[in-house]
Trainee: 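Have a look at the structure that comes next, please.
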Amino acid sequence: MDGMHADPFREDVLAGLSRPQKAIPSRWLYDAKGSSLFDEITELPEYYPTRTELSILRDRASDMADAVGPEAVIVEYGAGSLLKVRILLDALESPGAFVPVDISSSHLQSAAKDLKDDYPDLEVRPIVSDFMASNLGASLPQASGRTVGFFPGSTIGNLLDHEIQRFLSNARTDLGDDARFIIGIDQPKSPDILVPAYDDAQGVTAAFNKNLLTRINRELGGDFDLDSFAHEARWNEADSRIEMHLISLKAQTVSVAGEHFEFAKDESIHTENSRKIGHDRFAAMAKAAGWALSRKWMDADALFAMFMMEATS
Ligand code: AVJ
């Protein structure tokens, strides 16, 4: 392996800083520090998605379990701490197996082991993979119940249109003709709620965003001055998404991996899209990938939705 050319972080950063609108894919926000800052975000008073989705799961788990049926194989995409799926597993009638899919092998193995300790009779079969990868189908255990995708957290909102289409189509193929899929998606709402959720008073989200610059400095030999950039959360109404940006507070030149990048004052690096996808929009995306929306569970304020899709033939 040629390390110089096989570092996808380096390639994404150098290519992203070379574009007219500088942009770095949001997955690079999650190094160890970024992941722990994200955990802090989920506890913030302004950040409603995590606690709202958990409340929907707790309130509606038995209804979800009825819709899933007995002996189901649950496939969780981008499985993190496995906290949310426990609520579903607790409600299910004799689940057939649980398959968490995650790119981070060490986190996946330890979370899977903790889960196995608490559910000794459940077959747990972790798959180390990017959740965007296709052909998981061959690795799935056989059971008499149906196969059910589970993708909480509104992580789908970080993807672009064509990535969502590819993900849903792959899942349709991998999970099979009798499949169901439960997915959590943050809903469109007033920017008065959305903007503070992504720009909190304590500055945790700002630290989460700026940690990307710290990571670039450390891993790619960058010289970003963190005090010369500011966090911004921007509501893009036309695309129904919150965008995170890092704004250059002055004209400056930054070097990364020996390359130089010019910033004008107020120029930004776009670091994340967090799309808010309502029912009709998501139904159309699902339909194009071979799924029909069959159920929707929401909180009383309609902040967040969990949709169930059924495979169509
Ligand atoms: C974990 C991707 C769903 O988009 O709300 C939180 C990430 N970014 N605050 C989101 C995030 C800034 C979060 N997701």
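Atoms within a ligand are numbered from 1 in the order they appear, just like the ligands themselves. All heavy atoms count here, side chains included; hydrogens, waters and symmetry mates do not.
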Trainee: Would you say Asp299 and Thr52 are linked by a side-chain donor-acceptor pair, where the criterion is simply a distance under 3.5 Å?
Mentor: no
Trainee: Polar pairs, ligand 1 vs protein, N/O only, below 3.5 Å.
Mentor:
unit_1, atom_1, unit_2, atom_2, d
ligand 1, 4 (O), Ser274, OG, 2.6
ligand 1, 5 (O), Tyr47, OH, 2.5
ligand 1, 5 (O), Tyr198, OH, 2.5
ligand 1, 8 (N), Glu272, OE1, 2.6
ligand 1, 8 (N), Glu272, OE2, 3.4

Trainee: Quick one: sort the Tyr30 and Phe38 rings into parallel, tilted or perpendicular, breaks at 30° and 60°.
Mentor: perpendicular
Trainee: What about Phe181 and Tyr77, are their ring centers closer than 6.0 Å?
Mentor: yes
Trainee: Centroid separation under 6.0 Å, is that true for the rings of Phe229 and Phe263?
Mentor: yes
Trainee: Walk me through it: do Asp177 and Arg172 pass the test salt bridge (charged side-chain N to carboxylate O under 4.0 Å, His left out)?
Mentor: CA-CA 8 Å; Asp177 290 340; Arg172 170 67 186 81; 3.2 Å; yes
Trainee: Throw together a table of side-chain donor-acceptor distances under 3.5 angstrom for residues 190-201, partners on residues two or more places apart or in other chains.
Mentor:
unit_1, atom_1, unit_2, atom_2, d
Ser190, OG, Asp192, N, 2.9
Tyr198, OH, Ser274, OG, 3.1
Tyr198, OH, Lys276, NZ, 2.7
Asp200, OD1, Val204, N, 3.3
Asp200, OD1, Thr205, N, 2.7
Asp200, OD1, Thr205, OG1, 2.6
Asp200, OD2, Gln202, N, 3.2
Asp200, OD2, Gly203, N, 2.8
Asp200, OD2, Val204, N, 2.9

